[in-house]
Number of protein chains: 2
Amino acid sequence: MKENSKYIQVKNQIKDWILEGKVKPGEKIYSENELVKRFGVSRHTVRQAIGVLVHEGWLYREHGSGTFCSNRLLQQTKRESSKNIGVITTYMSDYIFPSIIRGIEQYLSSQGYSLIMASTNNDLEKEKQCLQTMLSKNIDGLIVEPTKSSSANPNISYYLNLEQHHIPYLMINQYYKEINPPHLVIDDEKGGFLATEHLIQYGHKKIIGIFKSDDLQGVNRMKGYIDAFRKYNLPFFPDMIVTYTTENKEEKIAEIRSLLEGKDRPTGMICYNDEVALSVLNIVRSLYLSVPGDLSIVGYDDSQLATASEVKLTSVSHPKTQMGIDAAKRIIAKIEGKSLENGTDSIVYEPQLIVRESTKRLASKIIT
Amino acid sequence: MKENSKYIQVKNQIKDWILEGKVKPGEKIYSENELVKRFGVSRHTVRQAIGVLVHEGWLYREHGSGTFCSNRLLQQTKRESSKNIGVITTYMSDYIFPSIIRGIEQYLSSQGYSLIMASTNNDLEKEKQCLQTMLSKNIDGLIVEPTKSSSANPNISYYLNLEQHHIPYLMINQYYKEINPPHLVIDDEKGGFLATEHLIQYGHKKIIGIFKSDDLQGVNRMKGYIDAFRKYNLPFFPDMIVTYTTENKEEKIAEIRSLLEGKDRPTGMICYNDEVALSVLNIVRSLYLSVPGDLSIVGYDDSQLATASEVKLTSVSHPKTQMGIDAAKRIIAKIEGKSLENGTDSIVYEPQLIVRESTKRLASKIIT
DNA sequence: CGAGGAACAATGTACGTACAAGTTAAAACA
DNA sequence: TGTTTTAACTTGTACGTACATTGTTCCTCG
């Protein structure tokens, strides 16, 4: 079953129409010949696509009359509680995500709920698939960590469709501004500011910032970084910011080596997260420089990794498991119609700087 | 659906072959081209006929190989497929488990299945709850990592109940000997042996082994450790083995400090896994000793942690993600009535030693 | 004797055509 | 105006072709 085969594409497009609500149950879809014209494929291919959807229960055909959208989604609207909560994250097994998921699972299972997992690998197409899966399952609620939150999201209609089906959902880590759903996020701008301020107060002036640009966490942390420079009236210098995306991460990180090899070396570095900080640490080692002797490094998220290395990383806290618990608590409250003690549906966590061994006060200068 | 249409006739003829027993479950039927010749119809018609039988569950097709009689009709359960697979693990977010789960999720989602997660925290009571939850949900199959596999399991009846409901399940990492289900495991005995042999061949004699005793992985690795001592005819010495359980892990690990403080220090250490190895590494650092200078350490599982520290750990490989993929592949094959190419339902992975920087050849002695 | 590659065989995708059969609605007729 | 016929449109069956992709088998080469 090739993903890019034509009939699969046609199938997915038609399914989209249904899931997005463009075609409602009982309504007739385009005739086969019409679809042939629209997609520019043969009738055989169209029939193949429709055939699959008929077998999956999305459509039914009537000889001589047309092809119609079945009403299986409607049946699910008045469904009984399944005690299943969907969870969609960008990554499932890496970094701090396991901790978040643990929090979710902990609370859910204590309340007799189960968790259905899916991950997007930070790919919007995959996010769409995940949403489709969740919509076609019998879930009571959905917790989403947005994919590529810094760019416009093409899957909004799916989220809106969730609302039409009265399935509560909330977003963690970030949220799509366009829909403004309940969300649990960290004040990343402040986190970035705290990290940078820390180095500035330690007397550092040439501080490089490395940030991920395809999610809002990265963009916000960068904002905080720049704010700190402004507040302390420090001069900006060339190459002070390195940004990367999921796709070009490896190369961009590798480029940092050259920044450290030059003679006018930076003395501090603010990293998007602990993972990046560790990569930098490895580069520093390979150049026979020391941390924090030659370079002070600040990570972010206070992950396992921060304390796994010999040089324990100074990092910015992330609620992780607690965030998971809070998310689960709120989604269940919504499902069961409880009103939360706190009036608002969302939480903004305050970040805290955790100073460890990877940052050092520069001897020459002290700023207060 | 005309009764006299050709593809219906072809369909019925093939179905007859199955019902009459001319084709038995798992056997290959005539190829499409062969059927074209026999029935004197076009390939399109043959494919149409087979397509119906595939959808009805009588046959399944394998690209490049042929069309086979399914054995799903033997189970003849009328429960409809929910496309949900349950996964029960001891831990969900720690260590190598995320990698395993990622493998499972990867394959499941590619096949249109979803995954329902639950974890036991290595507690048998919680395992019981998880099994109850899974049984009450509509799952098509179950992947289990056993809890406390070294002791007798009180939840056997739940597993037997799964069989009665014709819900296929398999176990990963370890399996309960009492039920002997399909399982995907590593040859831990050999892994423990390889790790120990490595240090022995590097000239080490006083090698301490630290093992977890409440799962079979630990017990088997210890067995391999002892076997290596026997094979190389090395003398046993007091305190050479430290065992711990989930409950007393912290204290037992802490006790290792005293072993390293004595004057007759061991020169090598075999650790249950990389996590323990890192704990030991921290103790070694706090005593101002060096790895591998003063102590050679071997971890297990080749986890992220093995390469996160400054001293990259020598470790024993664990298939992790691949194991997850294999598990998912097998459970789906079972559900869909495919018989696997490989006659046996289980896999035993061969462990491999990955030598990094945490082990050193002792200068004085070389054994070949 | 094992590894690797070539040839072959099986299913998968995709295009085309033609006509059959059921439904609908406009057109024709009484 | 009410009924019937017909044309147009829908899905269903059936044929053909070509090439892609995957798995197996066997043979060659080192």
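Computed from a predicted model, the values in this text were never measured in an experiment. The chains referred to below are lettered A, B, ... by the order of the sequence lines, with proteins before strands, and numbering in each begins at 1. The basis for the numbers below is simple: all heavy atoms, side chains too, and nothing from hydrogens, waters or symmetry mates.
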Original post:
Is any side-chain N or O of B/His63 under 3.5 Å from a base N or O of D/dT22, one able to act as donor and the other as acceptor?
Top reply: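 Result: no qualifying N/O pair found.
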Counting just side-chain N and O atoms, does [X] come under 4.0 Å of either OP1 or OP2 of [N]?
X: B/Arg61; N: C/dA10; result: no
X: B/Lys28; N: C/dA10; result: no
X: B/Thr45; N: D/dC15; result: yes

For [X] and [N], what is the distance between atoms [atom1] and [atom2] respectively, to the nearest whole Å?
X: A/Asn33; N: D/dT10; atom1: CG; atom2: P; result: 6 Å
X: B/Glu62; N: D/dT22; atom1: CD; atom2: P; result: 14 Å
X: A/Tyr30; N: D/dC9; atom1: OH; atom2: P; result: 17 Å
X: B/Tyr60; N: D/dT22; atom1: OH; atom2: P; result: 19 Å
X: B/Leu59; N: C/dA10; atom1: CG; atom2: P; result: 16 Å
X: B/Phe39; N: D/dT13; atom1: CZ; atom2: P; result: 17 Å
X: A/Gln48; N: C/dT13; atom1: CD; atom2: P; result: 6 Å
X: B/Arg47; N: D/dC15; atom1: CZ; atom2: C1'; result: 15 Å

**OP:** From the options D/dC15, C/dT11, D/dT11, select the nucleotide whose nearest atom is closest to the side chain of B/Glu32.
**Re:**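 Selected nucleotide (nearest to the side chain): C/dT11.
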**OP:** Among C/dT11, D/dC15, C/dT13, find the nucleotide with the atom closest to the side chain of A/Ser5.
**Re:**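 For the A/Ser5 side chain, the nearest candidate turns out to be C/dT13.
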Original post:
Given A/Gln132, which of A/Asp16, A/Asn155, A/Asn12 fulfils the side-chain hydrogen bond (donor to acceptor under 3.5 Å, both in side chains) condition?
Top reply: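 Only one of A/Asp16, A/Asn155, A/Asn12 forms a side-chain hydrogen bond (donor to acceptor under 3.5 Å, both in side chains) with A/Gln132, namely A/Asp16.
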Original post:
Closer to the 5' end of DNA chain C via nearest nucleotide, is it A/Gly40 or B/Thr67?
Top reply: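 The answer here is B/Thr67.
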Original post:
For DNA chain C, whose closest nucleotide is more 5', that of B/Ser31 or that of B/His44?
Top reply: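 On the 5' side of the pair lies B/Ser31.
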**OP:** Tell me what B/Ser65 touches on the nucleic acid: a base, only sugar-phosphate, or nothing, going by heavy atoms under 4.0 Å.
**Re:**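 It contacts sugar-phosphate atoms only.
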Subject >> B/Leu142 vs B/Pro168 side-chain heavy atoms within contact, under 4.5 Å >> reply: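 No. Closest side-chain heavy atoms not under 4.5 Å.
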Original post:
Is there a side-chain contact between B/Tyr225 and B/Phe193 (heavy atoms, below 4.5 Å)?
Top reply: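 No, their side chains stay 4.5 Å or more apart.
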Subject >> A/Tyr7 six-ring centre to A/Lys11 NZ/CZ under 6.0 Å and within 45° of normal >> reply: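 Here A/Lys11 fails the 6.0 Å and 45° test against A/Tyr7.
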Original post:
Do the two ring centres, one from A/Trp58 and one from A/Phe68, sit under 6.0 Å apart?
Top reply: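 Between A/Trp58 and A/Phe68, the centre distance exceeds or equals 6.0 Å.
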